[in-house]
2 protein chains.
Amino acid sequence: MTSSAADEKAQRYQIGEVAERTGVTQRTLRFYEEKGLLNPPERMEGGFRLYSQEDIQRIQYIRQLQQLLGFTLADIKEMVEAEELRQQIIATFRPDRELPARLERTDRIIDALTRQLEVVDDKVEHLQTMQEDLRAKLARMDVRKKELQASLTSQGAGGAAPEAKGKKK
Amino acid sequence: MTSSAADEKAQRYQIGEVAERTGVTQRTLRFYEEKGLLNPPERMEGGFRLYSQEDIQRIQYIRQLQQLLGFTLADIKEMVEAEELRQQIIATFRPDRELPARLERTDRIIDALTRQLEVVDDKVEHLQTMQEDLRAKLARMDVRKKELQASLTSQGAGGAAPEAKGKKK
DNA sequence: TCAAACTCTACCGTATACGTCAGGGACTGT
DNA sequence: ACAGTCCCTGACGTATACGGTAGAGTTTGA
């Protein structure tokens with residue numbers, strides 16, 4: 001009854017809990033805020049930060065971009081800004097005024113998403129090549145290992161296992 | 001006649017050319033050498049570095065690990081060491097002496113390769129999720145865009161295009 | 001043999017992305 | 001109202017991965 005009924009389920013978390021949940025340090029959270037990657041969260045009376053659920057999601061998004069894609073925080077800043085714009089547009093209950101402006105923003109977001117997708121596609125492609133490479137190498141090493149083991153099993157006798165190349169041409 | 005006949009085709013490149021070919025700076029090449037990522041190349045009489053074709057491949061391999069996988073140079077050092085060991089083992093004309101030692105080294109390499117593959121697999125998986133995410137978002141934005149364009153096409157007339165939701169539910 | 005181009009080592013500088021205090025408040029349960 | 005815990009803002013420190021420059025030596029073509 002003290003606050004508006006709509007806020008009732010709006011969970012807020014202090015920085016310590018956010019740090020635990022997301023796996024990033026408090027220092028890093030403040031750092032991201034300082035750098036504009038996170039928009040300033042609410043505060044309690046005394047100044048304690050209060051993060052929302054969306055803030056937490058955004059933090060995880062940032063980490064993904066960083067670790068999976070290897071983007072710099074500067075790159076990421078652009079991306080989260082585009083993402084924010086995207087969410088705003090989606091959430092907007094279509095005022096249907098200023099259509100050209102809305103269209104333009106939509107284009108900007110499509111651009112950003114397209115660029116991200118290109119990077120991801122490229123990375124996936126390269127990684128899959130690498131994956132195959134590694135698998136092939138591993139297979140070869142496994143063969144090698146079995147050959148060695150076979151040689152060992154047939155004991156250290158002088159010329160017990162002279163030929164193991166049954167497949168080579 | 002001055003050098004052994006076998007060396008005839010062994011191309012060597014000075015640091016400048018290597019830098020151009022690989023796209024990394026001379027400074028970085030020396031840096032990698034200093035850090036043990038590249039083993040010291042040959043030198044000319046006066047001390048100029050002479051890189052081999054394998055050196056160049058290794059440099060490209062390092063860059064891949066760095067940019068695609070986001071490994072630190074420390075990680076990469078381990079990996080290139082394992083890779084080197086692998087090549088040595090593969091290249092060795094099986095002296096068939098000290099089999100246990102060879103088997104152990106083989107195991108070490110298999111370990112390294114397995115770890116790399118795990119990282120790559122993991123990364124590919126996450127990236128594919130991201131890929132689908134981005135594609136879905138893009139699709140939604142495209143729909144949005146077409147809606148907006150439709151609204152525009154039907155001119156800015158007051159209530160010309162009030163309902164565009166023909167697909168929703 | 002000489003100049004232009006290239007390379008050498010050594011050392012200091014820089015950008016990124018945080019870590020680590022210090023000194024001082026804020027919040028919570030009892 | 002007070003201990004214990006949590007959080008605040010600077011300010012300085014650190015690891016990584018190089019960049020830049022100086023001052024000197026090396027190579028190579030004419």
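Proteins get letters first, then strands, A, B, ... in listed order; numbering begins at 1 in each.
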Checklist entry - Between D:dC12 atom C1' and A:E34 atom CD, what is the distance in whole Å? => result 14 Å
Next on the checklist: Can you measure B:R30 atom CZ to D:dG20 atom P for me and round it to whole angstrom units?
Outcome noted: 13 Å
Item to check | A:R86: partners by side-chain hydrogen bond (donor to acceptor under 3.5 Å, both in side chains), with sequence neighbours left out | outcome: A:E83
Checklist entry - Excluding sequence neighbours, so at least two apart, what forms salt bridge (Lys or Arg N to Asp or Glu O under 4.0 Å) with B:E42? => result B:R12
Checklist entry - Rounded to whole angstrom units, what separation is found between the CZ atom of B:R49 and the C1' atom of C:dC8? => result 7 Å
So which protein N/O to nucleotides 26-30 of chain C N/O distances come out below 3.5 Å?
unit_1, atom_1, unit_2, atom_2, d
C:dC27, OP1, A:G46, N, 3.0

Checklist entry - Starting at CZ of B:R12 and ending at P of C:dC6, how long is that distance when rounded to a whole Å? => result 22 Å
Next on the checklist: Using whole Å, what does the distance between atom C1' of nucleotide D:dC8 and atom CG of A:L50 come to?
Outcome noted: 13 Å
Checklist entry - Given the rule in the side-chain hydrogen bond (donor to acceptor under 3.5 Å, both in side chains) test, do A:D111 and A:T114 qualify, once you have shown the distances and angles that lead to the verdict? => result CA-CA 5 Å; A:D111 265 28; A:T114 303; 5.5 Å; no
Next on the checklist: Among residues at least two apart in sequence or on other chains, which ones pass side chain to side chain contact (heavy atoms under 4.5 Å, CB included) with B:F31?
Outcome noted: B:R27, B:K35, B:L73
Checklist entry - Within this structure, what is the CD-to-C1' distance between B:Q67 and D:dC18, rounded to whole angstrom? => result 13 Å
Next on the checklist: Nearest 0.5 Å, please: how far is CG in B:D121 from CD in A:Q128?
Outcome noted: 10.5 Å
Next on the checklist: For the residue pair B:R58 / B:Y51, report whether a side-chain donor-acceptor contact shorter than 3.5 Å exists.
Outcome noted: no
Next on the checklist: Distance check needed: C:dC6 C1' versus B:Y51 OH, whole Å only.
Outcome noted: 14 Å
Checklist entry - Taking the side chain from A:K145 and the backbone from B:T106, do they hold a donor-acceptor pair closer than 3.5 Å? => result no
Checklist outcome for this item: A:E17 atom CD is separated from D:dT5 atom C1', nearest whole Å, by 15 Å
Listing time: all N or O pairs from protein to nucleotides 14-24 of chain C that are below 3.5 Å?
unit_1, atom_1, unit_2, atom_2, d
C:dA17, OP1, A:L73, N, 3.0
C:dC18, OP1, A:R63, NH2, 3.2
C:dC18, OP2, A:Y32, OH, 3.0
C:dC18, OP2, A:Q66, NE2, 2.9
C:dG19, OP2, A:T25, OG1, 2.7
C:dG19, OP2, A:T28, OG1, 3.3
C:dG19, N7, A:R27, NE, 3.4
C:dG19, O6, A:R27, NH2, 3.2
C:dT20, O4, A:R27, NE, 3.1

Item to check | Residues which pass salt bridge (Lys or Arg N to Asp or Glu O under 4.0 Å) with A:K146, listed by chain and number, not counting sequence neighbours | outcome: none
Checklist entry - Roughly how far, to the nearest 0.5 Å, is CG of B:L138 from CG of A:L117? => result 6.0 Å
